[in-house]
S.K.: 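First, the structure itself, so that you have it in front of you.
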Amino acid sequence: MAATGLLVLVAAGCGETPARPESADGGGWTRVAEAPLSPREAPLAVIVGERILVIGGSDGPPCPPNADCVAPPEPLRDGAAYDPAADAWTPIADAPGPVGGGVDTAAVVGDTVYVLTTILTQDGTTTRTFQAYDAAADGWAELTPPPGSDWVSLTVAGDRVVAYRGSHEDDTGGSLEPLDPLPADLVYDPASDAWSALPADPLGPSFDRRLIGTDDGAVLLAGDLVPNPGVDPPVVRAARFDLAAGTWTELPDGDVVSGYGFRRVGDLLVSALEESADGGEVNNWGRDIPYGGILDPTTGAWSELPERAHRDPLDGFMIPVGDLTGERTIVSGACALDVPTLTWTRVPDLPVDDHVQGQSAAFADTADGRLVFLWGGSRWPGWPDDPEAMPEGELLAEGWVWTVPLPRPSG
């Protein structure tokens with residue numbers, strides 16, 4: 001990413017929204033039923049209908065906190081489906097190829113989960129698999145992966161899976177110049193099992209690219225690739241793609257540091273990141289610019305996040321990987337935001353004494369409420385208080401759920 005030289009400031013926390021008080025507790029985490037899966041780190045966790053699928057992940061020796069480790073063994077292939085209403089698990093068919101977890105490595109269209117797994121081998125090379133799981137039929141299919149070996153993310157534009165790059169930077173020579181020619185983003189045709197190029201977006205060479213699927217297409221957020229990033233205040237550019245027409249429409253720029261944290265919440269795009277930046281001492285911009293904000297892609301209107309109470313950045317539990325979203329909620333780090341009422345809730349501490357990492361997370365809008373789901377990971381007793389005496393990590397096969405409380409009525 002080319003946001004080099006930005007001074008990151010933790011500007012706020014979450015808890016009670018000053019204009020609309022909300023409990024910072026909201027109830028705690030509850031352990032889910034035992035899963036028919038072995039202990040593992042970083043499985044894929046994805047919502048399909050009323051169930052949460054947990055697939056693959058790594059059962060290799062876990063990497064200690066803040067350590068550099070060799071590439072893990074090939075990911076696992078088995079999985080299970082969790083029914084939150086019944087607190088019960090059902091094994092699913094094994095995938096034909098390995099399945100890794102990670103942000104934006106899966107896309108759901110109806111009852112089908114498309115999974116892209118990129119495996120970094122111990123000799124530094126990469127291999128890639130693209131598979132589809134039909135949740136209704138409990139069956140898998142091996143598909144043609146996107147061409148090339150570069151890292152790409154998945155999204156769903158309308159009813160089509162799209163693979164896109166997070167940056168146009170050429171990192172092979174160390175200069176981070178734009179790739180020439182710019183690589184196309186790709187759309188998948190399940191009927192022919194083939195990929196084709198999306199029409200080129202109007203934003204040109206860019207970094208921190210975030211393509212967010214909508215019902216009729218997608219919205220692209222990105223920053224311009226410039227020779228000296230960070231000298232001028234950042235601007236997030238935006239464009240909307242109409243899948244049926246195959247055309248792009250530019251939207252107004254956003255006064256936020258980066259578009260990379262934005263996710264879809266209902267009909268809006270929201271980033272609930274806490275940090276801001278001011279450019280640092282050398283290229284100070286004269287003001288703090290937030291990472292988070294709200295974009296209405298229909299009107300092109302940008303708005304600020306609501307104020308939240310100050311929080312020490314090391315205080316409290318944080319959602320481990322990426323941000324989770326539903327029809328009205330985004331859960332980011334230590335905070336959950338109810339977007340229609342602009343009300344913050346603090347994520348409660350996980351009731352475990354030891355440091356836990358490598359968990360996977362998912363969010364489900366259920367009949368019983370808005371559910372945050374965690375599963376797997378590794379436990380590290382002694383971290384960070386006594387790292388020298390820390391024993392080897394223990395892989396976990398346990399899960400937790402927390403129901404995000406509804407906001408209290410105002411007045």
S.K.: I need the Tyr164 OH to Leu186 CG distance, nearest 0.5 Å.
M.R.: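 Rounded to the nearest 0.5 Å, the OH-CG separation comes out at 13.0 Å.
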
S.K.: Could you work out, with side-chain hydrogen bond (donor to acceptor under 3.5 Å, both in side chains) as the rule, every residue matching Ser332, not counting sequence neighbours?
M.R.: Asp323

S.K.: Once you round to the nearest 0.5 Å, how far does CG of Leu269 lie from CZ of Arg264?
M.R.: 8.5 Å

S.K.: State whether Asp78 and Arg40 are salt-bridged, where the test is any N-O pair (Lys NZ or Arg NE/NH1/NH2 against Asp/Glu carboxylate O) under 4.0 Å.
M.R.: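 The answer is yes: the pair qualifies as a salt bridge.
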
S.K.: Within the distance-only criterion (no hydrogens, no angle test), does the side chain of Ser206 pair as donor or acceptor with the backbone N or O of Arg209 below 3.5 angstrom?
M.R.: no

S.K.: Taking the ring of Trp140 and the ring of Phe130, is the distance between their centroids below 6.0 Å?
M.R.: no

S.K.: For Phe207 together with Tyr260, are the ring centres under 6.0 Å from each other?
M.R.: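 They do not qualify: ring centres at least 6.0 Å apart.
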
S.K.: Tell me which pairs pass salt bridge (Lys or Arg N to Asp or Glu O under 4.0 Å) where either residue lies in residues 219-234, with sequence neighbours left out.
M.R.: Asp224-Arg237

S.K.: Check the side chains of Ser378 and Glu41 for a donor-acceptor pair under 3.5 angstrom, ignoring hydrogens and angles.
M.R.: yes

S.K.: If you compare all heavy atoms of Trp89 against all heavy atoms of Ala33, which two are closest, and at what distance to 0.1 Å?
M.R.: NE1-O, 2.9 Å

S.K.: Could you tell me if Thr247 and Asp242 have a donor-acceptor pair between their side chains, going purely by distance under 3.5 Å?
M.R.: no

S.K.: For the backbone of Asp189 and the side chain of Trp195, can you confirm whether one donor and one acceptor N or O come within less than 3.5 Å of each other?
M.R.: no

S.K.: Answer yes if the ring centres of Phe373 and Tyr82 are under 6.0 angstrom apart, and no otherwise.
M.R.: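 Yes - the distance between ring centres of Phe373 and Tyr82 falls below the 6.0 Å cut-off.
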
S.K.: Return the set of residues passing salt bridge (charged side-chain N to carboxylate O under 4.0 Å, His left out) with Glu74 (not counting sequence neighbours), or none when no residue passes.
M.R.: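 Result, salt bridge (charged side-chain N to carboxylate O under 4.0 Å, His left out) vs Glu74: Arg77.
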
S.K.: Between Thr366 and Asp368, is any side-chain donor less than 3.5 angstrom from a side-chain acceptor?
M.R.: no

S.K.: Where the side chain of Thr329 meets the backbone of Gly326, is there a donor-acceptor pair that is under 3.5 Å apart?
M.R.: no

S.K.: Once rounded to the nearest 0.5 Å, what's the spacing between atom CG of Asp208 and atom OG of Ser167?
M.R.: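 The distance works out to 7.5 Å.
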
S.K.: Can you spot which of Asp185, Val162, Asp104, Leu220 makes a side-chain contact (heavy atoms from CB on, under 4.5 Å) with Thr155?
M.R.: Val162

S.K.: Under the salt bridge (charged side-chain N to carboxylate O under 4.0 Å, His left out) criterion, do Asp255 and Arg287 qualify, and how do the steps go?
M.R.: CA-CA 11 Å; Asp255 188 29; Arg287 60 190 176 93; 3.0 Å; yes

S.K.: Going by side-chain hydrogen bond (donor to acceptor under 3.5 Å, both in side chains), name the residues that satisfy it together with Asp138, two or more places apart in sequence or in a different chain.
M.R.: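 Tyr133.
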
S.K.: Could you check Asp170, Asp150, Asp201 and say which one makes a salt bridge (Lys or Arg N to Asp or Glu O under 4.0 Å) with Arg165?
M.R.: Asp150

S.K.: Report, one line per pair, each donor and acceptor closer than 3.5 Å where one atom sits in a side chain of residues 112-119; sequence neighbours left out.
M.R.:
| from | atom 1 | to | atom 2 | distance (Å) |
| --- | --- | --- | --- | --- |
| Thr117 | OG1 | Gly100 | N | 3.2 |

S.K.: Run the ring-ring contact (aromatic ring centres under 6.0 Å, His included) test on Phe317 and Trp400 for me, step by step, so that the C-alpha distance in whole Å, both residues' side-chain angles and the decisive distance to 0.1 Å come before the verdict.
M.R.: CA-CA 13 Å; Phe317 177 75; Trp400 302 86; 9.7 Å; no

S.K.: Is there any salt bridge (Lys or Arg N to Asp or Glu O under 4.0 Å) pair reaching into residues 325-343, and which pairs are they, with sequence neighbours excluded?
M.R.: Arg328-Asp338, Asp338-Arg370

S.K.: If I compare all heavy atoms of Leu273 with all of Gly261, which pair ends up nearest, and what's the gap?
M.R.: CD1-CA, 4.1 Å

S.K.: Ignoring hydrogens and angles, tell me if any N or O in the side chain of Trp248 forms a donor-acceptor pair with the backbone of Ala239 under 3.5 Å.
M.R.: no

S.K.: Any donor and acceptor pair, going by atom type alone, linking the side chain of Ser360 with main-chain N or O of Pro43 inside 3.5 Å?
M.R.: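 A pair under 3.5 Å: yes.
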
S.K.: Show the numbers, then the answer: is there a salt bridge (charged side-chain N to carboxylate O under 4.0 Å, His left out) between Arg31 and Asp87?
M.R.: CA-CA 10 Å; Arg31 194 187 294 268; Asp87 187 28; over 6 Å; no

